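Within every chain, numbering begins at 1; the chains are lettered A, B, ... in the order of the sequence lines, protein sequences first and strands thereafter. Predicted model only: the values in this text are computed from it and were never measured.
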Amino acid sequence: MIKVQNIHKSFSDLHVLKGIDFEFETGKTNLIIGKSGAGKTVLLKILVGLLTPSEGEIWYDDVDFRSLNRTGLQKLRMDVGMLFQGNALFDSLSIEENIRFPLDMFSKQTLKEKKDRVNYCLERVSLEGINNKFPSEISGGMQKRVGIARAIVLNPKYLFVDEPNSGLDPKTAITIDDLISDITKEFNITTIINTHDMNSVMEIGENICLLDKGRLAWHGTKNEVLDSANDTLSSFIFASPFLQKLRNAAIKK
Amino acid sequence: MMSQQTCLLQSVNINGREVSFQSFCELSTDIFEKYYFCIMLAELLNSEKSVFYHVGKFVAWHKDIFKRPENWSMYYKEIVRQMYDIGIGSLAIVVIISLFIGAVTAVQFSYQLGGTLIPRYYIGYVVRDMEIIELAATITCLVLAGKVGSNMAAEIGGMRQKEHIDAMEVMGVNTSAYLIMPKLIGAMVVIPILVSVAAIVGISGGYGASMATGALSHAEYVKGLRSFFVPYNVLMMYVKAFVFAYILTSVSCYQGYFVKGGSIELGQASTRAVVFSDILILVADFIIAIVLTV
């Protein structure tokens, strides 16, 4: 479980986050949704410690994130995996070396054990046999899956995913969503996904928080989305004319 | 006078003491000016455009660079890679430039000696000392600032923009140490070797030019090389090589590591890496010359 309390973040005169309180639950796919510029990425970066909040508290289970020194932070980060929007795979390393990087840096396993772990992770994301390829030699969807494999290689307790479906076709996007959802259940981890993809919201949104202009505008599950009377949520979900037509048709019926 | 007549407030009570309104205004203006000056000074020092801001950030950054590595074997591999990239990758350009610098020094000194009573073998002596004291270290490092420095700034800046550095930070890697320390160690080991090569090739270039132009004989050049040799000058060459290697690596990495924005800013950072490294190398050259010779 990750809990944020009264999170504020300002960049000079720009107040991006204005007092966010939310609890991201363990074993569920937690979604942060909202329009571009709502503060989703800033919140995610604050959660993983890439940005420092101007005010507020972050709790990783019973650990106060802000009270950690460098050693404590490093220890906690061993439990964190993250998939970046652009994948952030190291271009000069092969797929195997990319996934093995956290193991090489922190693990005392033998090379064979590390290779076995890499192969298991690749198998888990259905990408067996591409160990020696380089990131530039595989497709965008495969790069996402390699990113997920790298994120789970250290058996994390917390998984952060930034825009997992950006730049992917709808079918591949669904595959990635399902994969993240399955991994969350399988390893009972706290997964936080930052997205504005409606398919993801309706498919895997077990605990959703909607940000609007730096504030928490709504929270609930995918089953509560359609019944909600929240105007901000409705204008976000049914932004496209096509979805508005579908909704009106459903109401008429 | 006018303001005193029209002003309803004649005096102000400050901590039980009556102060005339005019004195109060003068005091307030004085305090305001001092306060305003302090604010302006603080903003100037803290502004990202201020040189003081960057000097402070650069110095403070070293605390992270020299932290204990998470895994020595990973750092060792990176050091070896950097030594190879800097050393082997720059050998050809260093050899070519040093060869011509030595040759030009010999030819031009020969021209300056024309019609004087100074013995011809002094050409060998001057080429040797010019190379050892100044040209090998300074010219080599100015060239390396352009080749290696800009490359380092672009590489690290690219990693920053493609979120590679963020990815490593999230994994728990101390990126300042992992990305910068191996480059510093690699450069400080390899660049003095490249400077030694530059000195030898430069002296050989002088020899080749002297022979080719017939300015002096083999025996004269060798006699010049063997004359008035001061081993302390070699120490000076290595001091310069170490200091310049540190400057060009750390300044270039700083420019890349803290880059913000897109490809234009990355290009600007790469250019700044070369310009600032070159300027600082020349300033350090002057300081070392004073400290070690005066």
query = Do other residues, nucleotides or ligands put more than 12 heavy atoms under 6.0 Å from A/L14 CG?
reply = yes
message = When you measure from the side chain of A/N165 to the backbone of A/L168, do you find a donor-acceptor pair of N or O atoms at a distance under 3.5 Å?
response = no
key: Contact origin within B/M171 toward chain A - heavy atom pairs under 4.5 Å   = both
Could you work out all donor-acceptor pairs shorter than 3.5 Å where one atom is in chain A and the other in chain B?
unit_1	atom_1	unit_2	atom_2	d
A/R70	NH2	B/N174	OD1	3.4
A/Q74	NE2	B/G172	O	3.3
A/R77	NE	B/E169	O	3.4
A/R77	NH1	B/E169	O	3.2
A/L89	O	B/H164	NE2	2.9
A/D91	OD2	B/K162	NZ	2.4
A/D104	O	B/N71	ND2	2.4

ask   = Is the count of non-hydrogen atoms from other residues, nucleotides or ligands lying under 6.0 Å from B/F66 atom CZ greater than 12?
value = yes
message = Looking at every non-hydrogen atom in both residues, tell me the closest pair between A/P164 and A/I176 and how far apart they are.
response = CB-CG2, 4.1 Å
query = A/L154 versus chain B, heavy atoms under 4.5 Å apart: side chain, backbone, both or neither?
reply = neither
message = Closer than 3.5 angstrom, by distance alone: can the side chain of A/K3 be matched with the main-chain N or O of A/D21 as a donor-acceptor pair?
response = no
note = Rounded to the nearest 0.5 Å, the CD1 atom of B/I247 sits from the CD1 atom of B/I279 at a distance of 12.0 Å
key: Face-on cation placement of A/K9 at A/F11 ring, 6.0 Å and 45° thresholds   = yes
